[in-house]
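Heads up, the thing below is written out as structure tokens.
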Amino acid sequence: MAKEIITERSVDYSAWYNDIVRNANLAETSPVRGCMVIKPYGFGIWEKMKAQLDSMFKETGHTNAYFPLFIPKSFLSKEAQHVEGFAKECAVVTHHRLMNSPDGDGVVVDPDARLEEELIVRPTSETIIWHTYKNWINTYRDLPLLINQWANVVRWEMRTRPFLRTAEFLWQEGHTAHATKEEAIEESRMILDLYAKFAEEWMAMPVIKGIKTANERFAGADETFTIEALMQDGRALQSGTSHFLGQNFAKAFDVTFQNQNNREEHVWATSWGVSTRLMGGLIMTHSDDDGLIVPPKLAPIQVVIVPIPKPNGEIDEAAEKIIKALKDRGISVKYDRDKKKRPGFKFNEYEMHGVPVRLGLGKRDLANNQVEVARRDTMEVKSVNLDGVVDYIDNLLVEIQDNLFQKAKLFRDEKTTSVDTFDDFKSVLESKGGFISAHWDGTTETELKIKELTKATIRCIPIDQEDEAGTCILTGKPSERRVLFAKAY
RNA sequence: GCAGGAGUAGCUUAAUGGCUAAGAGCACUAGGUUUGGGACCUAGGGGGUGUCAGUUCGAGUCUGACUUCUUGCACCA
């Protein structure tokens, strides 16, 4: 019988989440507040995500570059909205040298080594990038400039949670410059579609594409687009954002280009990013009380072969055949020959790690020319003839990927409720949670009032939905369309 | 940042302010017996209790500060 080492979701969702992060070897805490160590298995998943996203960026014409970790303090104050948005959570470098402590114990900051201009550890790189772009952009022929960087950023968060909110996190940030407003908007919309496609087809995580309200918009943006996912506890997770920055940064950093009519114009900008927060989304979209579940397309190990009861020549030989055939199809496979662990232990361990497919191979199977195939998503186990097993697995991985998405989508749809009164809003939020589609009068004041009364925020104004006239659930004022509310991470 | 809770071996944990006792289970090491859903036996190794200071004849046990984790609030991706 399985030991209870993962807290059940229904008992304590937060504890369940933390148990998965720890027991599936995704990450652990570090001595630095809010900063985590991403362990090899967890990083393996991130690397797969990163590889896919990177190739999607390249396919759409972007190239990678790298900008400094440190940003001169003065840069941050150039865009008023931007600095307001980040000032409270910046790490600041003030000195450049340590010295032996005068009282002989350890080291202290050398007071003589104060920096002339203090440096900010980037919370995001708009400022230093726009400073740089000024020199890169002269003429319309230099546009569009389509650059992405993979980097770490720091936001000094007061309250952190593994992956979902950490002081330091990994992400990609795209920063593009365009000759026209239309082209910049199109870029930010294109990236939004790219993110949604990635979330749904690779992470098997259904998302709602939408527009952020003014209140939830990125500091310094004219428009923020978002993909919003729904977690198993009924809370929403902002999973990626794409910003149309207008000419705000171009003006702040004086980035202009000469157009075809020989006139100087400010460029139009976008920025967009997804982070290691997606790992949190992955965990909370699919996993269960037995541990992590990783969609096949992102699994560091897609198939594991467990010899039963222990490896021997005959089993090794059969396993090697399967391994070769799977690898030929680009399927990653691990053969666990560890003799110290019994099969039952291994079963539980790989379930904990979310390996999509497990093969059990023993004398009994070989005698029947069969192999036992177990799928992680449904926990079904069945015997499959060895001759067709590679085809079977190939299809099964596709089926698991699809099943995870369908299951998550069904959950999300069931947890999305339309309401027309504030009483219904409150009761649905209380009893059921999830997304609530409701009319809103369009004002920040009402949005904040609803947040104050219910803790729910407007996650987005969905893009793929019909306009529908109605009245605001709080004020009764006219509304042109429904927006999506939820309690959020 | 505020308010709770908590830091004893890698993990889970025991130990009234005291007999010159930090005890266990899992994990680990060695050997053996086992092996189709987290095996068992025997023998071992590992901790001075998050850090610093204080109270005391005596401190995992009490006090203070700091630090990390955690829950909630506020803030944010």
Side-chain angles (χ1 to χ4, degrees), chain A residues 1-7 12-15 17-19 21-23 25 28-36 84-90 105-106 123-124 153-173 195 212 215-219 224 226-229 236-243 271-281 290-291 306-312 315 338-352 358-368 370-372 374 379 381 383 451-452 455 457 459 488-489:
Chain A
M1 281 291 99
K3 279 190 222 167
E4 297 297 334
I5 50 182
I6 294 182
T7 308
D12 184 341
Y13 194 81
S14 293
Y17 177 82
N18 290 329
D19 285 348
V21 169
R22 187 161 56 86
N23 293 321
N25 282 338
E28 60 188 38
T29 57
S30 75
V32 186
R33 181 193 177 102
C35 294
M36 62 177 175
E84 202 175 305
F86 285 104
K88 284 174 288 183
E89 51 191 42
C90 285
D105 196 29
T124 177
V153 288
V154 169
R155 295 179 191 174
W156 212 260
E157 300 290 348
M158 291 299 112
R159 174 83 161 79
T160 61
R161 316 192 66 185
F163 292 113
L164 296 172
R165 178 167 296 107
T166 47
E168 179 192 18
F169 57 93
L170 306 182
W171 76 345
Q172 57 71 216
E173 46 180 324
Y195 283 162
K212 284 292 189 187
N215 179 55
E216 297 270 333
R217 194 181 288 154
F218 174 73
T224 290
T226 178
I227 50 170
E228 297 284 327
L237 184 74
Q238 177 175 309
S239 304
T241 48
S242 179
H243 316 289
S271 71
W272 27 274
V274 294
S275 71
T276 36
R277 173 179 249 202
L278 286 177
M279 292 283 291
D290 292 310
V306 177
I308 299 169
K310 61 179 178 184
N312 64 36
I315 294 172
D338 189 344
K339 291 177 185 171
K340 300 288 279 188
K341 292 172 181 147
R342 307 172 93 211
F345 183 90
K346 294 177 183 176
F347 293 171
N348 285 290
E349 188 165 71
Y350 291 112
E351 279 156 13
M352 181 85 76
R358 183 190 73 234
L359 305 183
L361 202 53
K363 258 183 287 189
R364 213 153 70 199
D365 304 291
L366 290 177
N368 297 319
Q370 284 183 332
V371 57
E372 187 185 86
M379 297 292 242
V381 181
S383 287
K451 183 181 176 186
E452 186 192 322
K455 304 217 171 79
T457 51
R459 302 321 304 151
Y489 276 97

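Proteins come first, then strands; the chains are lettered A, B, ... in the order of their sequence lines, and each starts at number 1.
Spacing between B:A21 and B:C66 at atom C1', rounded to whole Å, works out to 32 Å. One P atom belongs to B:G36, the other to B:U51, and the distance between them is 45 Å to the nearest Å. Nucleotides B:C28 and B:G10 have their C1' atoms positioned 9 Å apart, rounded to a whole Å. When the P atom is compared between B:U13 and B:A9, the two are found 12 Å apart, to the nearest whole Å. Rounded to a whole angstrom, the distance from the C1' atom of B:A39 to that of B:A27 is 15 Å. Here the separation of B:C57 from B:A43, taken at their C1' atoms, is 42 Å to the nearest Å. Rounded to whole Å, the P atom of B:G45 lies 47 Å from the corresponding atom of B:A3. As rounded to the nearest Å, B:G60 and B:U29 have C1' atoms that lie 29 Å from one another.
Counting to the nearest Å, the P atom of B:U29 and the NZ atom of A:Lys341 are 9 Å from each other. Look at CG on A:Leu361: it is 16 Å from C1' on B:G37, rounded to the nearest Å. Atom CG in A:Leu359 sits roughly 17 Å away from atom P in B:G37 (whole-Å rounding). The nearest whole Å value for the distance from the CG atom in A:Asn368 to the P atom in B:G36 is 18 Å. Distance NZ (A:Lys339) to C1' (B:G32): 16 Å, rounded to an integer number of Å. The OH-P distance, from A:Tyr13 to B:U71, rounds to 13 Å in whole Å. The nearest whole Å value for the distance from the CZ atom in A:Phe218 to the C1' atom in B:C76 is 12 Å. Separating the CG atom of A:Asn23 from the C1' atom of B:A27 is a distance of 13 Å, rounded to the nearest angstrom.
Residue contacts shown for A:Lys363 include a base, since a base heavy atom lies under 4.0 Å away. A:Thr457 comes within 4.0 angstrom of nothing in the nucleic acid, heavy atoms only. At a threshold of 4.0 angstrom between heavy atoms, the contacts of A:Phe169 include nucleobase atoms, whether or not backbone atoms are also involved. Within the 4.0 angstrom heavy-atom criterion, base atoms lie near A:Leu164. Nucleic acid contact class of A:Lys451 (heavy atoms, under 4.0 Å, all strands): sugar-phosphate only. Contact annotation for A:Gln238: backbone-only contact, meaning every heavy-atom pair under 4.0 Å involves sugar-phosphate atoms and none involves a base. Among the heavy atoms of the strands, none lies under 4.0 Å from A:Glu228.
Classification of B:A21 as syn follows from a glycosidic angle within 90° of 0. Nucleotide B:G58 is shown with an anti base, its glycosidic torsion being more than 90° from 0. By the rule that a glycosidic angle within 90° of 0 means syn, B:C52 does not qualify and counts as anti. Glycosidic torsion of B:G64 falls outside 90° of 0, placing the base in anti.
In this view, A:Gln172 and A:Phe57, A:Asn148, A:Trp150, A:Tyr195, A:Trp272, A:Val274 satisfy the side-chain contact (heavy atoms from CB on, under 4.5 Å) rule, not counting sequence neighbours. Residues passing the side chain to side chain donor-acceptor pair (under 3.5 Å) test with A:Thr224 are A:His243, sequence neighbours excluded. By the side chain to side chain donor-acceptor pair (under 3.5 Å) test, A:Trp156 is found to be paired with no residue, residues two or more places apart in sequence or in another chain being considered. When the salt bridge (charged side-chain N to carboxylate O under 4.0 Å, His left out) test is applied to A:Asp12, no partner is found at least two apart in sequence or on another chain. Take A:Glu28 and apply the side-chain contact (heavy atoms from CB on, under 4.5 Å) test, not counting sequence neighbours, and it matches A:Val37, A:Lys39. Applying the side-chain contact (heavy atoms from CB on, under 4.5 Å) rule to A:Pro343 yields the partners A:Val306, A:Ile308, A:Phe347; only residues at least two apart in sequence or on another chain are considered. With sequence neighbours excluded, no residue forms a salt bridge (charged side-chain N to carboxylate O under 4.0 Å, His left out) with A:Asp365.
Within the model, atoms NZ of A:Lys310 and NZ of A:Lys339 stand 7.5 Å from one another, a figure rounded to the nearest 0.5 Å. Annotation: the span from A:Arg342 atom CZ to A:Asn348 atom CG amounts to 12.5 Å, rounded to 0.5 Å.
Looking only at side-chain heavy atoms (C-beta outward), A:Lys451 and A:Asn215 stay at 4.5 Å or farther from each other. Here the side chains of A:Phe218 and A:Thr241 are not in contact, with every heavy-atom distance at 4.5 Å or above. Two residues are said to be in side-chain contact when any heavy atoms from C-beta on lie closer than 4.5 Å; A:Met379 and A:Glu351 meet this criterion. Side-chain contact between A:Arg364 and A:Glu372 is absent, with no heavy-atom pair separated by less than 4.5 Å.
Nearest-nucleotide positions on RNA chain B for A:Lys310 and A:Ala488 put A:Lys310 closer to the 5' end. With the nearest nucleotide of RNA chain B identified for both A:Thr241 and A:Glu349, A:Glu349 has the one nearer the 5' end.
Here the side chain of A:Arg217 pairs no donor or acceptor atom with the backbone of A:Lys212 at under 3.5 angstrom. A distance-only check finds a donor-acceptor pair linking the side chain of A:Ser30 to the backbone of A:Cys35 [under 3.5 Å].
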Check: protein-nucleotides 6-12 of chain B nitrogen or oxygen pairs below 3.5 Å:
none

Are any protein N/O atoms closer than 3.5 Å to N/O atoms in nucleotides 68-70 of chain B? If there are, list each pair with its distance.
| unit_1 | atom_1 | unit_2 | atom_2 | d |
| --- | --- | --- | --- | --- |
| B:C69 | OP1 | A:Gly34 | N | 2.9 |

What does the list of N/O pairs under 3.5 Å between the protein and nucleotides 39-49 of chain B look like, with a distance for each?
| unit_1 | atom_1 | unit_2 | atom_2 | d |
| --- | --- | --- | --- | --- |
| B:A39 | OP2 | A:Arg342 | NH1 | 3.1 |
| B:A39 | O4' | A:Arg342 | NH1 | 2.6 |

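If you run side-chain contact (heavy atoms from CB on, under 4.5 Å) between A:Met352 and each of A:Asn23, A:Asp19, A:Asn25, A:Asp290, only A:Asn23 comes through.
You'll find that the side chain of A:Lys455 is closest to B:A74, out of B:U35, B:G37, B:A74.
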Margin query: Just to be sure I follow the notation: if a pair is Watson-Crick (purine N1 to pyrimidine N3 plus N6-O4 or O6-N4) or a G-U wobble (N1-O2 and O6-N3), each under 3.5 Å, what dot-bracket string does RNA chain B give, with | for pairs to another strand?
Written below: (((((((..((((....[....)))).((((((.....)))))).....(((((..]....))))))))))))....
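Donor-acceptor pairing under 3.5 Å, judged by distance alone, is absent between the side chain of A:Glu351 and the base of B:G38.
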Contacts under 3.5 angstrom, residues 158-169 of chain A side chains, donor-acceptor by atom type, not counting sequence neighbours:
| unit_1 | atom_1 | unit_2 | atom_2 | d |
| --- | --- | --- | --- | --- |
| A:Arg161 | NH2 | A:Ser14 | OG | 3.1 |
| A:Thr166 | OG1 | A:Glu168 | O | 2.8 |
| A:Glu168 | OE2 | A:Asn152 | ND2 | 2.8 |

